[in-house]
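Notes for the one structure printed next.
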Amino acid sequence: MPDKAHGIIAVYSGNGKGKTTAALGCALRALGHDMKVLVVEFVKHIGRSGEHKIAEKIGNFSFYAPPDPSVALGSPQDREDLRAKQAWEFAKEKIHSREFDMIILDAINNAIDAGHLEISDVINLMRAKPRALHLFLTGKNAKPEVIDHADLVTDMQAVRHHNQRGIKAQRGIEF
């Protein structure tokens with residue numbers, strides 16, 4: 001009989017749309033079972049999305065996005081680097097706190113790919129996560145080492161995107 005206390009590590013990657021959406025679908029399911037869910041946003045910052053708004057209305061559902069650094073800190077790359085590192089420190093703390101049943105590291109693969117985080121640090125954290133914690137890593141270009149340490153891997157492939165037809169981002173779909 002499978003161990004019910006064994007949390008999985010899931011990776012949603014690829015160039016297609018739906019990586020964060022898939023992870024949030026799992027979050028919704030977990031919330032339905034009274035689990036506590038945290039989403040830590042790494043590189044992308046879209047402000048108050050629909051996900052943020054619903055999290056305020058639902059118990060046990062939290063988001064963390066590092067504050068936008070001052071423009072005086074340098075280039076956009078420098079600011080993105082700082083945000084990713086702040087998200088990383090917060091994520092490590094919360095993973096080890098055992099406060100949550102599921103943690104989604106949103107766009108962490110992008111942060112690794114851009115060189116904001118060390119792959120070895122991420123792998124070490126994946127190995128050291130609490131046994132019962134479900135850990136989701138999203139974002140494009142997941143490294144083979146990340147994939148090798150995951151229990152579930154989905155590669156989202158783009159076939160068509162509505163912006164290719166001149167349709168802009170839609171409220172309720174992209175944000």
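What you are looking at is a predicted structure, and each value in this text was computed from that prediction instead of being measured. Computed over heavy atoms, backbone and side chain alike; hydrogens, waters and symmetry mates excluded.
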field: Nearest heavy-atom neighbours spanning R83 and A65
entry: NH2-CB, 3.8 Å
- prompt: How close do T138 and A23 get, heavy atom to heavy atom, and via which atoms?
  reply: CG2-CB, 3.8 Å
- prompt: So do R165 and R160 actually touch side chain to side chain, heavy atoms under 4.5 Å?
  reply: yes
- prompt: Side chains of F90 and I95: closer than 4.5 Å at any heavy-atom pair?
  reply: no
query: For H162, what residues pass the side chain to side chain donor-acceptor pair (under 3.5 Å) criterion, not counting sequence neighbours?
result: E174
- request: Tell me, please, which residues at least two apart from R171 pass side chain to side chain contact (heavy atoms under 4.5 Å, CB included).
  value: F175
query: If you link I, L, V, M, F, W and Y whenever their side-chain heavy atoms are under 4.5 Å apart, who else ends up in the same group as F63?
result: I8, Y12, L24, L31, V37, V39, I54, I58, F61, M102, I104, F136, L152, M156
query: CG of N141 to CD1 of I112: how many Å apart, nearest 0.5 Å?
result: 10.5 Å
- request: Working to the nearest 0.5 Å, report the span between NE2 of H33 and CG of L28.
  value: 10.0 Å
field: Spacing of CG belonging to D101 relative to CG belonging to L38, to within rounding of 0.5 Å
entry: 11.0 Å
statement: Correct closest heavy-atom pair for A111 and A84 would be CB-CB, 4.1 Å
query: Are side-chain heavy atoms of V146 and N109 found at a separation under 4.5 Å?
result: yes
field: Test item: K85 and H116 side chains (from C-beta on) under 4.5 Å apart, heavy atoms
entry: no
message: Taking salt bridge (Lys or Arg N to Asp or Glu O under 4.0 Å) as the definition, give me every residue that meets it alongside K17, ordered by chain and number, with sequence neighbours left out.
response: none
task: Could you tell me which residues satisfy side chain to side chain contact (heavy atoms under 4.5 Å, CB included) with N15, sequence neighbours excluded, listed by chain and number?
output: Q157, A158
message: Tell me every residue that passes side chain to side chain contact (heavy atoms under 4.5 Å, CB included) with A87, counting only those two or more places apart in sequence or in another chain.
response: V40, F42, P66
Within residues 119-128 or reaching into it, pairs that qualify as side chain to side chain donor-acceptor pair (under 3.5 Å) - sequence neighbours excluded: R127-H149
- line: side chain to side chain donor-acceptor pair (under 3.5 Å) filter on K92, not counting sequence neighbours, yields E89
field: Counterpart residues, side chain to side chain contact (heavy atoms under 4.5 Å, CB included), relative to P67 (two or more places apart)
entry: Y64, Q86
query: Residues two or more places apart in sequence or in another chain: which of them pass side chain to side chain donor-acceptor pair (under 3.5 Å) with E99?
result: K94
query: When rounded to the nearest 0.5 angstrom, what is the spacing between CG in D106 and OG1 in T20?
result: 3.5 Å
query: Say you draw a straight line from CG of L133 to CZ of R98; how long is it, rounded to the nearest 0.5 Å?
result: 9.0 Å
task: Tell me, yes or no, whether the heavy-atom count around E145 atom CD, taken from other residues, nucleotides or ligands under 6.0 Å, exceeds 12.
output: yes
Backbone of D155 reached by a side-chain donor or acceptor of S13 within 3.5 Å: no
task: May I ask you to test the K129-H134 pair for a side-chain heavy-atom distance under 4.5 Å?
output: no
- prompt: With a 4.5 Å limit on heavy-atom distance, are the side chains of T154 and V11 in contact?
  reply: no
message: Checking F100 now: which residues fulfil ring pair (Phe, Tyr, Trp, His ring centres under 6.0 Å) with it, not counting sequence neighbours?
response: none
query: Can you name the side chain to side chain donor-acceptor pair (under 3.5 Å) partners of K143, sequence neighbours left out?
result: D113
